[in-house]
Amino acid sequence: MIKMPKKGNLAAVDGSMMRNYLEFGDFMSAAKVFFVGFTRNYLLWNSFLEEFASFGGDSHDILEVFKELQNKGVEFDSKALTVVLKVCLALMDLWFGMKVHACLIKRGFHVDVHLSCALINLYEKCWGIDWANQVFDETPLQEDFLWNTIVMVNLRSERWENALELFGRMQSASAKATDGIIVKLLQACGKLRAFNEGKQIHGAVFDSTEDRDLSSWNSIISSYAVNGYLNDARDIFLQMNLQRAGFKPDSCSITSALQAVIELGYSMWGRSEEALAVINRIKSLGYTPNVVSWTAMISGCCQNENYMDALQFFSQMQEENVKPNSTTICSLLGACAGPSLLKKGEEIHCFSMRHGFVDDIYIATALIDMYSKGGKLEVAHEVFRNIKEKTLPCWNCMMMGYAIYGRGEEVFTLFENMCKTGIRPDAITFTALLSGCKNSCLVMEGWNYFDSMKKDYNISPTIEHYSCMVDLLGKAGFLDEALDFINAMPIKADASIWGALLAACRIHKDIKLAEIAARNLFRLEPYNSANYMLLMNIYSIFQRWDDVERLRESMTAMGVKISNVWSWTQVKQTIHVFSTEGNPHPEEGEIYFELYQLVSEIRKLGYVPDINCVHQNIDDKDKEKVLLSHTEKLAMTYGLMKVKDGSPIRVVKNTRICQDCHTAAKYISLARNRDIFLRDGGRFHHFMNGECSCNDRW
DNA sequence: CTAGGGTTAG
């Protein structure tokens, strides 16, 4: 038998029944308690709305209850109205929110901070940032909280300038910015390249008597670092504890500082040993890098294409008993993918499996990239097949994998399958598609995808896409069309565009167009020796030795250094590098002996040395000798000598493979019945039975 | 509304 409560307790009973219902998730019963209830206590009506919302009541229901209460003539307090405005935001019901707003103004309601905040959020989401800013300007009482809100909202809407301006105003109003705002503002400065504003924020933080947390300082360090003021970044790091007594950097500051330091090491000395030396100094100050710090170092090295140091840091990290996480693995796989370190990549793949990193989509994507760049497309595809929920980057990586092999048809099939799963392509997808076209010489398909990206997917082509098209048209022999295409481009042609055209002129032996392309290219990249070599190559084909000499002289006059050319191949655990600089390989004699044998073998099969590849006006016999010294030939030969029969030879070269080496490799694959994988500057060559997967266009 | 540092594809 339920005891009837005494009159004075009615409200309390309603309240507890309501809570019971709410706790069981029965919102509408809870509401009924109210509608049929005994009491008309306004405070309770209001708190009901709040509780309803905080127990996760359905937004539509809350709004219904609110309207019902409104009809009953209930007066609302600011908390209840805030709840209603938040509900409006959730439902994107700007119309009702505005009615509430109008009601507030009409009744001269005291708009408190939370209410303004809710209004600002509602207007920003439903109508745009300008109206949110207007609400802010019309709010009479601008407390700290509201300042922070309006700055945050502007940052969220990517109104960086607005946010910075508001920060200035809030300084004048002596409002205290939260640490989060400081962090976000500094990030905005980074995006804007607004270094002076960043410095002002630093000054404001430094001058104020407010205590800032580590994150603020850390982002200050980062903001100096990303703007290239690495010395300042380092000094702030080292002086942090001086600025506030007892204030010690944490692992976060170390990470920020380390990034600065790594870049400092590279930019000042161009070497990672010095970066490591500074890291050691940091350690001697008593700070221990954590997994994030190490990962930052590793990815920093990768960004500077210093893959060996990245791998070195990895072993050092393990020596110091810091466990890698999935982010570290991703960076490391990137370190292997860049220079095609297949064996190392396989090792890290095993490592990650042993340590339980399975089903990580980032790792899987990095694996696809690593295996395709390492020359094992089948394994890359296997990894791809095993991914249950394929994301856009997975598809993109896989497509790019097939593209660099020149397997355009497979790229198209992947694209169609991807679209069938409902994933929308992005700009990178089209780069993969167009790369597939250019490496397979599929001109019609290239045009179709190029037209389709804007028309069907509203993706504007970027310089990468234009570059693919120029490369595609040029390689296919449509040189004039390629030039027209460049002239019709809405954006300014960069070095990749003219470089693609120049390379095409080499294939199709068009010296007039080559000179036009080269003129533009040299203006954009005056110190890139590869460009000069390409033109020199074309002059050599036409035996124009005067021009070759002139070019060589202007290179000397300009101080263009011929960049180091190297090829390498891996035998067991060792990487053997063949380079135009530095010491020769210790087994050089044996290698040349084998190479002579090889050349006489393939001559019988029809190989003729392509002496046009030698840009010196010397005797033809001497030219043939020069050809033999090409690093890719040495690496291939060494592979043949050391890698057991039947296994493919894998060679990586940092620049484009030369035509003679390309021809020779085809014959070698035939003579010795070997698969030869050669990754050069731009793509993959798979030599097999006297043919190359690139169809002789690269 | 406050918490921010290191991950994948050209």
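Below, read A as the first sequence line, B as the second, and so on, with proteins coming before strands; counting in each chain starts at 1. As the structure is a prediction and not an experimental result, all values here were calculated from the model.
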Return the value, rounded to whole Å, for the distance between atom NZ of A/Lys323 and atom C1' of B/dT7.
20 Å
Would you mind classifying the nucleic acid contact of A/Asp179 as base, sugar-phosphate or nothing, using non-hydrogen atoms under 4.0 angstrom?
base
Nearest-nucleotide pick for A/Thr295, side chain only, options being B/dA9, B/dT8, B/dG6
B/dG6
Base, sugar-phosphate, or nothing for A/Phe430, non-hydrogen atoms under 4.0 angstrom?
nothing
I need the CE-P distance between A/Met398 and B/dG10, as an integer number of Å.
13 Å
Listed nucleotide nearest any side-chain atom of A/Ala296, set B/dG10, B/dC1, B/dG6:
B/dG6
Please classify the nucleic acid contact of A/Cys330 as base, sugar-phosphate, or nothing, using heavy-atom distances under 4.0 Å.
base
Atom-pair distance (OH on A/Tyr362; P on B/dG6), nearest Å:
12 Å
Can you tell which of B/dG10, B/dC1, B/dT8 lies closest to the side chain of A/Thr149?
B/dC1
side-chain N/O A/Lys184 vs B/dC1 OP1/OP2, d < 4.0 Å:
no
Check the distance between B/dC1's P and A/Arg156's CZ and give it to me in whole angstrom.
7 Å
Between A/His381 and A/Tyr371, does the ring centre distance come in under 6.0 Å?
no
Selected nucleotide, minimal atom distance to A/Thr327 side chain, candidates B/dT7, B/dA9, B/dG4
B/dT7
With sugar-phosphate meaning primed atoms plus P, OP1 and OP2, does A/Ile181 contact a base, only sugar-phosphate, or nothing at under 4.0 Å between heavy atoms?
sugar-phosphate
So, under a plain 3.5 Å distance rule, would you say the side chain of A/Thr365 forms a donor-acceptor pair with the base of B/dT8?
yes
Starting at atom CD1 of A/Ile150, determine the distance to atom P of B/dT2, rounded to an integer number of angstrom.
14 Å
At 4.0 Å (heavy atoms only), tell me whether A/Lys373 reaches a base, stays on the sugar-phosphate, or touches nothing.
sugar-phosphate
Quick one, A/Ile387 and A/Asp359 - any side-chain contact, counting heavy atoms below 4.5 Å?
no
Mind calculating the distance between CG (A/Leu155) and P (B/dA3) to the nearest angstrom?
11 Å
How far apart are the C-alpha atoms of A/Leu119 and A/Leu104, what are their side-chain angles, what is the distance that settles it, and do they pass the side-chain contact (heavy atoms from CB on, under 4.5 Å) test?
CA-CA 11 Å; A/Leu119 280 169; A/Leu104 287 173; 4.3 Å; yes
Does A/Thr391 reach a base, just sugar-phosphate, or nothing at all? Heavy atoms under 4.0 Å.
nothing
When all nucleic acid strands are considered with a 4.0 Å heavy-atom cut-off, which category describes A/Asp144: base, sugar-phosphate, or nothing?
nothing
Is the phosphate of B/dG6, meaning OP1 or OP2, less than 4.0 Å from a side-chain N or O of A/Ser331?
no
When you compare the side chain of A/Tyr123 with that of A/Phe136, does any pair of heavy atoms fall below 4.5 Å?
no
Counting only distance, no hydrogens or angles, is the base of B/dG6 paired donor-acceptor with the side chain of A/Asn325 under 3.5 Å?
yes
Is the distance from the ring center of A/Phe314 to that of A/Phe351 below 6.0 Å?
yes
Indicate, with a heavy-atom threshold strictly under 4.0 Å, whether A/Asp369 touches base, sugar-phosphate, or nothing.
sugar-phosphate
Between A/Asp137 and A/Arg169, is the closest basic N to carboxylate O distance under 4.0 Å?
yes
Please determine, for the side chain of A/Thr431, which listed nucleotide (B/dC1, B/dG10, B/dT7) has the closest atom?
B/dG10
From B/dT2, B/dG5, B/dA9, nucleotide with atom closest to A/Thr178 side chain:
B/dT2
From the list B/dT2, B/dA9, B/dT8, which nucleotide is the closest neighbour of the side chain of A/Asn396?
B/dA9
Please give, in whole Å, the distance from B/dG4 C1' to A/Met152 CE?
10 Å
